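Here is the structure we will look at.
Below, all heavy atoms of this structure are taken into account, side chains as well, without hydrogens, waters or symmetry copies. A quick note: this is a predicted structure, and the numbers were derived from the prediction, not measured. Whatever order the structure lists ligands and atoms in, that order sets their numbers, starting from 1.
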Amino acid sequence: MYFPNSISEVIPPQTVAAIMDTIERSEQIVITTHSSPDGDALGSTLALYHFLKRSKKQVRLIVPNSFPYFLKWMEGTNEVDVYDYNPSAAKNILSHADLIFCLDYNIPKRTGDMALSLESATAKKILIDHHLFPGNIFDITVSHPEISSTSELIFRLFLQAGKYDFLTKTEAECIYCGMMTDTGGFTFNSNNPEIFEIISLLLRKKIDKDAIYSQVYHNFSEARFRLLGFTLSQRMEVYPHLHSALLYLSKEDQAQFSFRKGDTEGFVNYPLNIKGIIFSTFIREDDGLIKLSFRSQHTFPCNEFAAEFFNGGGHLNASGGEHYGTFEEALHIYREGLKAYESKLKETMMLL
Ligand code: 5GP
Ligand code: MN
C-alpha cells in the first residue's frame, strides 16, 4: 500500500474506517453537492462517483441545478442528475437511498430546493466538506475548514483508505480540477506543502494539469470576454481609502452580452489585482434574487461581511450571499456595510 509519510492523516483513521465500512454495507448510494456547482463541487463528487462505480456500487450523483459549460469536460458529467430539471425523479432517488454523501457544503440549505428532500431522506448521511459550522444532521462528519478544497479531502480519504493504487486518471483529473479551482489555480489558500505532494501523486496517474487549466480557464466565449471588459471599465467602483472595490451587473447589462450561466465566474477576483485592494465584491442580478460574491486577502473576513449583510457565509477569503429585493437595495446595503467595516479594513491593511 502506498502512503507517503509526508502526507498527514488529516481524517481520523477511525472515521476513514467507518466511511469505508458504511459504503461496503450500502446498496443505493447517492452523492449530492451545493447549488450552482463549481469546480470543487463537481470535481469532488465525480471523483467519488467514479470510485464507487468502479467498486461495483449502485450510485447516483444529484446536483441541485445546472453547472457551467467549462466543467462539462469532466468524465461523467453526462450521467449527473439535475434536481431542477426533474425534481420528482430526484426526490424519488433520494428517498430510496440508504447512503447519501453530502460534499462541499455544510448545511442542507446550501442545496436550495433540494434541501427538504435531503433532510427527510432516511438514508445515512456522510458529510465531507471544508466550510465552517457543519450542520448536525449527519451520521458521519468530515469537516476540515483548514483544507482548501473538498476534492483534496476526497483524495485524502482514498489515500488513507489504502486506495491510491486503485485510483485512475479519471478520478485524478476530477480531484485536480477541484483543488485547482478552489485555490484560484493555486494562487490562494494553497501554501500547505502537502497540496503539492498530492498534486505530484495525481500527476503520477498521468493527468495533464496544463490541459485541465486550459479546459477551465481558456474556454470562454467571446461574449463572456467582452462582458468582462465592460464590467471592469463600466461597472466598477473603487474605494481606495477602504481598500475595497465593487463590480456589479444588472440583468440588462448581462442580456447585452448574451449571458450564459458561468460567464461571470471569476470576475470577483479581478479587483484584487489593484494595488491596495484587499476586499472585492461582485453583485449580480439573477432570476428572482441578487447574488453576491466576496473575495478578500489576508485576514479580512469576507464571510463575516456576507453573513452580516447578505445572509451568506463561506470561507475567510471567499464567500457569498444573497439578497431578496431590488438590485439598488443590494448596492445600498453593500455601500453601508463597507462603511461599517472601515476600521476592520484599515486594521487589516496596517498589518501588511
Ligand atoms: P462564489 O463567490 O464562488 O459563488 O462562492 C464562494 C464561496 O462562498 C463558496 O465556496 C461558498 O462557500 C460560499 N457561498 C457562496 N454563496 C453562498 C451563500 O449564498 N450562502 C453561503 N452560506 N455561502 C455561500
Ligand atoms: Mn469547495
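Cation-pi geometry between Lys72 and Phe67 is met: the NZ or CZ atom falls under 6.0 Å from the ring centre, inside 45° of the normal. A cation-pi geometry, defined here as NZ or CZ lying under 6.0 Å from the six-membered ring centre and within 45° of its normal, does not hold between Lys251 and Phe259.
One distance of note links CG of Leu227 with CD of Glu222; it measures 12.0 Å at 0.5 Å rounding.
Criterion: ILVMFWY side-chain heavy atoms under 4.5 Å apart, direct or through other members. Under it, Val216 and Phe225 are not part of a common hydrophobic cluster.
Distances under 2.8 Å from the Mn ion (ligand 2) pick out the protein N/O/S atoms Asp40 OD2, Asp104 OD1, His130 NE2, Asp182 OD2.
Met179 is listed as a side-chain neighbour of Leu202, based on a closest heavy-atom distance under 4.5 Å.
Residue Phe101 forms a side-chain contact (heavy atoms from CB on, under 4.5 Å) with just one option from Thr32, Leu127, Thr45, Leu52, and that option is Leu52.
Summarising the geometry of Asn303 relative to Gly314, their closest heavy-atom pair is ND2-O, 3.4 Å, with the distance given to 0.1 Å. In terms of heavy atoms, Arg156 sits closest to Ser8 at NH1-O, 3.1 Å.
Each of Arg110, His131, Lys291, Ser293, Arg295, Gly312, Gly313, Gly314, His315, Ala318, Ser319, Gly320, Gly321, Glu322 has a non-hydrogen atom positioned under 4.0 Å from some atom of ligand 1.
The residues Glu342 and Lys339 are annotated as not salt-bridged, no charged nitrogen and carboxylate oxygen being separated by less than 4.0 angstrom.
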